[in-house]
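Within every chain, numbering begins at 1; the chains are lettered A, B, ... in the order of the sequence lines, protein sequences first and strands thereafter. Predicted model only: the values in this text are computed from it and were never measured.
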Amino acid sequence: MFCRRARSWISLALDGLLPPDRTVALTEHLERCAACREYREELRLGHRLLAATRPQPADNFSWRLQLKLNQTLREGARAATLPWRQTERLGMRWWGAAGFAAAAGLAVILGAERFIPPAMPVLRPGVPASELTDGRTRPAVAGGEMPGTALPQTTPLVELASALPHTVEPPRDNPRVRDTADDGSRTSFSAAPASGLLTRSSAGATGRAVGLWEQRSTASGLLSREVVWSGRSLDDLRTINRLREENQRLRLALTAAQRDNSLLKAQLDSSGVPPQDH
Amino acid sequence: MRLVADEIRPQPEAGPAVLKELRDEELIARVQQGQRRAFDELVRRYQGRLFSFTLRMVHDPVEAEELAQDTLIRAYVHADKYREIARFSTWIFTIATNLVRNRVRQKKRRPLQLSLNPHPDDDEIPLDPPDPRADPSRRIEGAELGSLISLATSRIPERYRIPFLLREVEELSYEEIQQVTGLKLGTVRSRINRARTRFRKLIKPLLKDESLLAELERLEARLNEETIEDDD
């Protein structure tokens, strides 16, 4: 056997991994080869030297570890309790879209039995059809709007007691509901993101605020009123409650971690060990 | 990230004496249930092992301590990810090895960093210990011996050093080293063999020192005493 092969077998033999037949061959070689015997002894000494000179950590290693761990946990708890406006915008967009879709669906469901297929909004005299389909709000003209309300950015249904039929194609993505009261007044609903309300509600809600804009035409003119609906479904409310409970738990954990941190700092100070910045 | 909230659920915690008797895998299971004392016992068992491993890899005590602490913190934070399909030592040394590799990679990307190795291009030059013939009364002391061994390990290439230290010092099996490093079994075997050959070549001048064996036996006796004290 050549010494090169023998030395690779010696390495395996030291780990108890050499098969029995090779162990026999290696033993026979070592009986004859002083150089390989010396090699084996040097490997054994090297193993002993490594074990005997293992470096030890500083005495305050575990204290510093505890401080670092508490800091890590504190940062983790803080990150988990950030207000909604600082969370991932993508998530907000998803919730926003879901809330809007829920609101639109609810508007359809509420007025489903009275839903009238897109027949034709009746134009107000003097308002051309094109201005109704551009999706922009228009300041109220005759009949005016109630002070303090903003018109939604959608194509509102406009009706008059005295209507002139026109074939105007309503926007496809804007479900509409019409309601005719007993007194002849007609109420129209159009679901749309309510301007101004969207920003206020996005900080805390899981869904966007959806404005329902009610326009009632009466004999005396056109009255419009904005009705805000939160767009929160029951699932959203359950989610809010669950998150509030989790928030509370995390706040308690944060308090406990801060208490532990203060205690460890006090212990470190009393030990006389100089503090180390991390 | 594991919720801190899990920690504040009331759990029956065992005392330190009971925790000392538990296996590592039983301890980490208790950590998963939120028992911080079980983690303290794991820290006590592994802080030395992790520190010696990271120090022999990066050769800077401050960095080594940081790496060892980061390993333990990650083990705590991600304790829920441990499954008893592997030994706990394998799992925690996998974390340590990955952190060490990342750190070594970062260092290589910084070319202006000074090297303390006087022979950066040749890792095979043996150590140059003091000549015992010049002063026969001079003995190699423990601390000096430790630094010489540390210097020798620093001259083993990193790709050989990791499996070498895991086998020689941490006594992980070849299969466990395979799991930790992600290398094939044959590669683990050959790298350990090469590292041993190189290490032996580096420390050969040391082995001529007559006082070395006496100092080694003294150090081993002291370690045995410390181990017995810990068990008590």
To the closest 0.5 Å, what do you measure between [atom1] ([X]) and [atom2] ([Y])?
| X | Y | atom1 | atom2 | result |
| --- | --- | --- | --- | --- |
| Ile73(B) | Leu69(A) | CD1 | CG | 5.5 Å |
| Ser11(A) | Arg167(B) | OG | CZ | 9.0 Å |
| Arg54(A) | Leu55(B) | CZ | CG | 12.0 Å |
| Phe61(A) | Leu72(B) | CZ | CG | 5.5 Å |
| Glu42(A) | Leu206(B) | CD | CG | 11.5 Å |
| Phe199(B) | Leu49(A) | CZ | CG | 6.5 Å |

At a heavy-atom separation under 4.5 Å, does [X] approach chain A through its side chain, its backbone, both, or neither?
| X | value |
| --- | --- |
| Tyr174(B) | side chain |
| Leu50(B) | neither |
| Glu171(B) | side chain |
| Thr197(B) | both |
| Ala68(B) | both |

Pair [X] + [Y], salt bridge at N-O below 4.0 Å:
| X | Y | result |
| --- | --- | --- |
| Arg189(B) | Asp15(A) | no |
| Lys204(B) | Glu38(A) | yes |
| Glu168(B) | Arg48(A) | no |
| Arg64(A) | Glu65(B) | yes |

Item to complete: Would you mind checking which part of Ala52(A) comes under 4.5 Å of any heavy atom in chain B, side chain (CB onward), backbone (N, CA, C, O), both or neither?
Response: both
Worksheet item: Where does Leu17(A) contact chain B at under 4.5 Å (heavy atoms): side chain, backbone, both or neither?
Response: side chain
Are any of the side-chain heavy atoms of [X] and [Y] separated by less than 4.5 Å?
| X | Y | value |
| --- | --- | --- |
| Gln66(A) | Gln69(B) | no |
| Ile203(B) | Leu50(A) | no |
| Arg7(A) | Arg200(B) | yes |

Worksheet item: Does a donor on one side chain sit under 3.5 Å from an acceptor on the other, for Arg56(B) and Thr53(A)?
Response: yes
Worksheet item: Does the pair Asp70(B) and Lys68(A) meet the rule for a salt bridge (charged side-chain N to carboxylate O under 4.0 Å, His left out), with working shown?
Response: CA-CA 9 Å; Asp70(B) 286 348; Lys68(A) 206 171 177 180; 3.1 Å; yes
Discussion item. Testing the basics here: between Val43(B) and Ser62(A), what is the closest heavy-atom pair and its distance to 0.1 Å?
Written reply: CG1-CB, 4.3 Å
Worksheet entry | Shortest non-hydrogen contact between Gly48(B) and Pro57(A), atoms and distance | CA-CD, 3.8 Å
